[in-house]
Amino acid sequence: MAVLRFPKQDRRIDDEVEIRAALAPLGIDYERWSLDRVSADASADAVLAAYSDEIDEMKRRGGYVKADVIDVNPATPNLESMLARFDKEHTHDEDEVRFILSGRGIFFLHIDGRVASVEVGPGDMLCVPRGTTHWFTLCEDRRIRAIRWFQDTAGWTPHYTDSGVDQSFKPLCFGLAYLGPRLGSTISA
Ligand SMILES: [Fe+2]
């Protein structure tokens with residue numbers, strides 16, 4: 001379950017419906033999907049097969065051509081340098097779409113002069129549209145597994161704004177690092 005915060009306004013939202021309602025006007029899609037399709041230790045191929053309906057539906061909705069599974073943990077080589085590519089404010093030429101299978105991380109979204117943070121965890125699907133200024137980092141346990149969608153893998157390159165805005169926000173995680181409630185899919189097959 002996600003935690004949405006507007007740090008400067010000291011506002012925090014934990015409710016799924018309220019999070020979706022608050023993010024929609026910012027152009028950010030947020031959904032909760034079922035986690036019970038595969039076991040936590042399923043292979044990437046098994047994950048992609050189990051979520052093939054959702055993957056295809058997202059491709060139709062967003063024009064994505066490819067999906068994969070990213071798996072990051074403290075044993076990932078060059079983890080800190082990898083994270084350092086994305087923890088400064090940037091944009092992409094394509095949408096950043098993630099369905100979180102396990103682990104937690106924080107997207108900071110800088111939209112219309114205001115910064116919102118979305119801490120995502122298991123079962124959360126977030127779509128950050130292309131061109132949105134944002135940055136991302138993992139929670140303390142440095143662990144995340146997620147399905148990603150791509151329109152064009154070349155669009156994944158971060159374009160840094162060098163605004164320095166990211167410097168004034170601490171990546172505090174509030175959610176629990178456990179598998180959240182198993183909710184029904186919000187996408188029809
Ligand atoms: Fe990004």
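Atoms within a ligand are numbered from 1 in the order they appear, just like the ligands themselves.
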**Report entry** Aromatic ring proximity Phe136/Phe86, centre distance under 6.0 Å
**Finding:** no

Requested in this report: If the plane angle is over 60° it's perpendicular, under 30° parallel, otherwise tilted; pick one for Phe108 and Trp135.
Outcome: parallel

Report task. For atom CZ of Arg11, decide whether the heavy atoms of other residues, nucleotides or ligands shown that lie under 6.0 angstrom number more than 12. Result -> no

Query - Metal environment of the Fe ion (ligand 1), protein N/O/S under 2.8 Å - result: His90 NE2, His92 NE2, Glu96 OE1, His134 NE2

Query raised in the report: Any ion pair linking Arg20 and Glu31 (charged N to carboxylate O, less than 4.0 Å)?
Result: no

Query raised in the report: Is the shortest side-chain N to carboxylate O distance from Glu54 to Arg37 below 4.0 Å?
Result: yes

Query raised in the report: Are side-chain N/O atoms of His134 and Glu96 paired as donor and acceptor at under 3.5 Å?
Result: yes

